[in-house]
Amino acid sequence: MRTLIFSILFISILSVSAQSSQGEYLEAKRQFGLGNYTEAKQAFQNITNDGTFGAYASFYYALSSLKLNQSKEAEDMFKQIKVKFPDWEQQQEVDYWLAYLAFDQNNLWQAFRRVENLPENWRNFLVDNFLEKLSVSGLDSAYALNPNNSYIGTYYAKAIQNQPYDERDQLLLLELAEKFNLTIGPDESLPIVKKDEYAIAVVLPFMYEGLATPKTVIRNSIIFDLYQGMNKAQEDLKEQGISVNLFPYDTKKKGSVANDLVKDGKLDKADAIVGPLYTGPSRYISQFSKENKVTMINPVSSNEEIIGDNPYSFLFKPAYSTQGREAARFAAQKFTDNKKLFIFYETDRDSIIANAYRETIERDSFFVVRFERLTNEDAQQIQIDFTEQYEVRLDTMYSQDEIDSIALIPGRTVRTRSLRNEESGRIMRDSKGEDVIESYEVKFTVQPDSIGHIFAATSSNLLANNFISMVEVRSDSIGIIGYQDWLNFSLVSYAQLERLQIDFLSPSYYDLESENYDRIKRTFVESVGIEPSEYHIYGYELIWHLGKLMDEHGKYFQRGLLDGNRYSGYIMEGVKYGPYKDNQLVPITTLENLQLRNQNSKQEVNATNEDSNK
């Protein structure tokens with residue numbers, strides 16, 4: 001009986017206690033709803049250990065602390081909930097607020113770890129609201145700490161692309177786009193300035209004083225070829241309804257003359273500038289270009305130092321480092337069976353190409369066995385290194401069939417001779433009186449197929465001839481990539497180069513058999529009495545592209561280049577820039593039926609803009 005009375009009394013106490021806790025909880029919730037977070041926090045604290053309302057009270061205690069900017073107290077309480085109430089049905093909301101606090105405290109590693117298990121809409125809301133508030137410098141720090149986080153990478157790329165054109169790190173933008181598979185759209189930071197006519201200032205060292213100084217005219221035939229090609233493109237564009245006007249200015253190779261052009265306002269109305277070619281004039285023209293936001297483009301240089309820190313400066317040709325990088329990408333696709341290689345280079349310019357080649361191809365798990373600078377004096381030693389041979393005697397018990405089988409293996413040469421006594425030197429004979437025949441192999445010091453290919457960055461006639469002769473003598477599968485200059489060397493025949501399947505780095509390549517080249521050739525023969533030179537073609541292609549691009553995108557034609565689309569050329573291969581400041585199209589050629597053909601299939605991309613350039 002006493003037990004029953006105690007039980008009834010205990011239940012009554014619990015009921016009263018529960019009602020009391022519920023009342024406190026509801027009052028605390030009311031204070032919270034009114035925004036009285038201090039009062040609410042104190043009320044919630046009183047029932048954080050309650051069996052019925054403890055988890056809820058603890059949760060709202062943490063939220064109240066958060067509203068009072070007491071982040072540390074809020075975080076501690078949320079963590080207590082994880083431990084004290086592990087089975088509470090609202091644990092996912094606790095995870096949400098812990099992630100929120102980690103973001104708020106800029107603890108990104110912890111924040112992204114915590115959002116992983118949240119529902120997608122919650123996760124996206126948190127990430128979007130936090131990252132969109134960060135500046136480029138804030139995202140830079142976040143990316144440095146979390147280099148593989150796609151959320152940060154995506155927002156970082158967006159923030160960079162939203163920067164003013166002059167401040168943007170284009171190469172970092174490309175890195176992020178490639179790493180996180182992002183699409184870079186048109187450059188919206190540059191204004192659309194479209195005109196009926198565009199003025200192009202051609203700032204080159206014409207050095208023209210009249211026919212009284214014919215030697216000067218002859219010495220500068222390259223410059224005049226360039227300008228004649230530009231004029232021809234101007235005429236052809238006009239027939240297509242695209243109007244570009246060329247305004248030539250002679251720098252005379254002097255910085256002072258270029259400075260006067262700027263001071264006199266000669267370039268003020270230019271929509272684009274072609275040139276200059278030399279360092280002195282380039283300094284003043286580049287400063288004008290940067291300050292006045294006028295795009296300038298160098299027609300013939302591959303030296304990326306010319307660009308400097310001017311975001312409005314471009315190279316029409318591929319930079320030396322780009323040439324090396326693209327040649328390596330081609331090689332990585334071609335020489336997959338043997339990933340060992342030698343790299344040789346000659347001049348400082350060649351070293352830029354060679355180093356870019358090495359850096360790129362090593363990323364594809366290729367192994368550079370030798371990386372050396374050569375001079376013409378080294379040519380003979382290279383020949384010796386690759387053609388030096390030694391003999392390996394085969395077992396005299398080998399049958400003739402076995403010897404014949406060995407001889408069929410590529411790169412192995414089996415020879416026979418009469419065996420001589422080592423002491424007397426006399427020919428040894430068998431019981432039948434016939435010569436005892438021995439078989440031996442001739443092997444190279446550098447073993448056949450021990451390396452897959454050689455990249456020879458040199459324009460030296462002597463070095464190139466030695467590389468070619470060496471491969472000819474060895475008759476194995478070593479591939480060579482050299483310069484297109486090699487085709488002009490008198491000691492080398494096209495048939496020999498084609499037989500050896502040598503590839504050429506050919507940034508100036510154009511198809512001499514194309515209909516467009518044939519048309520241009522006829523035009524130049526009729527108008528100036530000569531076939532077009534390489535510089536005629538450069539001048540033509542440059543203005544042809546500028547006219548087409550400005551007609552499509554306006555004065556700031558680079559708006560259409562950032563997405564990396566390929567624009568096919570009229571005679572040459574075309575242009576493709578992306579965020580780079582130099583042309584990324586680098587033909588790699590091989591002779592086929594004694595005609596050069598571009599083999600760089602990796603660059604044969606489906607370009608969305610290709611049709612508009614036909």
Side-chain angles (χ1 to χ4, degrees), residues 102-103 106-116 120 123-124 126-165 167-189 304 307 311 318-319 321-333 336 339 355-366 558-566 576-586 600-608:
F103 277 123
N106 210 30
N107 186 351
L108 297 188
W109 183 84
Q110 189 67 256
F112 281 104
R113 184 182 175 190
R114 286 173 173 170
V115 298
E116 285 179 358
E120 184 178 3
R123 180 172 65 244
N124 291 345
L126 271 178
V127 171
D128 291 346
N129 276 276
F130 176 75
L131 292 182
E132 70 182 7
K133 296 174 184 176
L134 289 182
S135 63
V136 171
S137 60
L139 286 162
D140 182 60
S141 300
Y143 180 66
L145 294 171
N146 303 268
N148 296 315
N149 189 282
S150 61
Y151 286 107
I152 295 175
T154 300
Y155 271 90
Y156 195 15
K158 288 179 182 177
I160 292 172
Q161 197 166 0
N162 288 333
Q163 282 185 302
Y165 182 77
E167 301 174 14
R168 186 182 310 147
D169 188 335
Q170 301 282 21
L171 295 184
L172 177 56
L173 181 61
L174 176 68
E175 174 191 317
L176 294 168
E178 291 181 345
K179 187 172 184 177
F180 299 109
N181 195 27
L182 306 175
T183 300
I184 301 176
D187 195 333
E188 302 295 344
S189 65
E304 52 204 311
I307 298 170
S321 59
T322 300
Q323 294 178 34
R325 183 174 65 248
E326 293 303 318
R329 288 176 177 169
F330 168 81
Q333 287 187 323
T336 55
K339 292 194 171 186
N355 275 288
Y357 191 99
R358 178 179 190 171
E359 180 182 340
T360 304
I361 205 160
E362 284 183 336
R363 289 200 208 106
D364 274 308
S365 301
F366 278 72
Q558 57 266 53
R559 282 177 57 91
L561 298 178
L562 186 62
D563 56 13
N565 281 338
R566 176 176 181 257
K576 175 185 176 183
Y577 282 82
Y580 294 102
K581 298 299 179 184
D582 64 302
N583 190 0
Q584 298 298 293
L585 286 183
V586 184
N600 201 355
S601 58
K602 189 171 184 179
Q603 295 188 7
E604 297 300 323
V605 297
N606 295 321
T608 56

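Along the sequence shown, residues carry numbers from 1.
Between Q333 and T336 the shortest heavy-atom distance is O-CG2, 3.4 Å. The two atoms that bring Q323 and P318 nearest to each other are NE2-O, 3.1 Å, heavy atoms only. The two residues I361 and A331 come nearest to each other via the heavy atoms CD1-CB, 3.9 Å. Closest approach of L126 to V115, counting heavy atoms only: CD1-CG1, 4.0 Å. Residues S137 and S135 share a closest heavy-atom pair of OG-OG, 2.9 Å.
Separation of atoms CG (D364) and NZ (K339) is listed at 6.5 Å; rounding is to 0.5 Å. Separation of atoms OH (Y156) and CG (L173) is listed at 10.5 Å; rounding is to 0.5 Å. To the nearest 0.5 Å, atom OH of residue Y580 and atom OG1 of residue T322 are 7.0 Å apart. L182 contributes atom CG, which lies 9.5 Å from atom CD of Q161 (distance to the nearest 0.5 angstrom). Annotation: the span from R325 atom CZ to Q584 atom CD amounts to 5.0 Å, rounded to 0.5 Å. Rounding to the nearest 0.5 Å places OG of S150 at 11.0 Å from CG of N181.
Under the salt bridge (charged side-chain N to carboxylate O under 4.0 Å, His left out) criterion, R358 pairs with E362, not counting sequence neighbours. Scanning for side chain to side chain contact (heavy atoms under 4.5 Å, CB included) contacts around N149 gives F112, N146, Y151, I152, with sequence neighbours left out. Under the salt bridge (charged side-chain N to carboxylate O under 4.0 Å, His left out) criterion, R363 pairs with E359, not counting sequence neighbours.
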Applying side chain to side chain contact (heavy atoms under 4.5 Å, CB included), run through K179 and L176 and close with a yes or a no. CA-CA 5 Å; K179 187 172 184 177; L176 294 168; 5.7 Å; no
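No donor-acceptor distance shorter than 3.5 angstrom exists from the side chain of K581 to the backbone of E304, with no hydrogens or angles considered. Listed for the E326 side chain is no donor-acceptor partner under 3.5 Å among the backbone atoms of L585.
Residue E120 places its CD atom among 12 or fewer non-hydrogen atoms of other residues, nucleotides or ligands, all under 6.0 Å distant.
Residues V136 and L139 fail the side-chain proximity criterion, which asks for heavy atoms closer than 4.5 Å.
Ring geometry, F180 versus Y143: the interplanar angle exceeds 60°, so the pair is classed perpendicular (tilted spans 30 to 60°).
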